[in-house]
Amino acid sequence: MMARVKKNDTVMVKTGKDRDKKGTVIALSLKKDKVMVKGIAIATRHAKARKQGEASGIKKEEVFIALSNVMPVCSSCKTPCRVNTKILETGYRARMCNNCKEIF
Ligand SMILES: [Zn+2]
């Protein structure tokens, strides 16, 4: 199956506290259908310095969220869209925006 979302894509979050926010995909876990988005789903971790030079305190970092909770934002029409798969003449599969029918 074609990946609906790729690394460095812009996606919009559909649910949760970060609903309707947009961010860039920084990591993907296709096996688990999870995605990590910059600035989205920030978890606060209280970390203690374990090594010398490491800062202790509160760390904020992104956590994986379900791929089904995000929608890719089309780079052409800039709206969150459903993705169609189009088979190109060359035999490659491409993602096509369901909104503007552009391949992105
Ligand atoms: Zn589009």
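Both counts, for ligands and for their atoms, begin at 1 and track the order of listing.
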*Apex the Zn ion (ligand 1) - arms SG from C97 and SG from C77 - angle rounded to 10°*: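 Vertex the Zn ion (ligand 1), arms to SG of C97 and SG of C77: 120°.
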_At the Zn ion (ligand 1): angle between C100 atom SG and C74 atom SG, to 10 degrees_ =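 Nearest ten degrees: 110°.
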*N/O/S atom of C81 inside 2.8 Å of the Zn ion (ligand 1), strictly under*: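 It does not: C81 brings no N, O or S atom closer than 2.8 Å to the Zn ion (ligand 1).
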*asked:* Within the structure provided, determine whether P72 and R4 are in side-chain contact (heavy-atom separation under 4.5 Å).
replied: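 Counting from C-beta outward, P72 and R4 do come under 4.5 Å.
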*Is K22 close to V11 at the side-chain level, that is, under 4.5 Å between some pair of heavy atoms?*
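No, too far: nothing below the 4.5 Å cut-off.
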_Working for side chain to side chain contact (heavy atoms under 4.5 Å, CB included), residues C77 and C97_ = CA-CA 9 Å; C77 63; C97 168; 3.8 Å; yes
_Sidechain-backbone polar pair: R45 side chain, E61 backbone, donor-acceptor under 3.5 Å_ =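 A pair under 3.5 Å: no.
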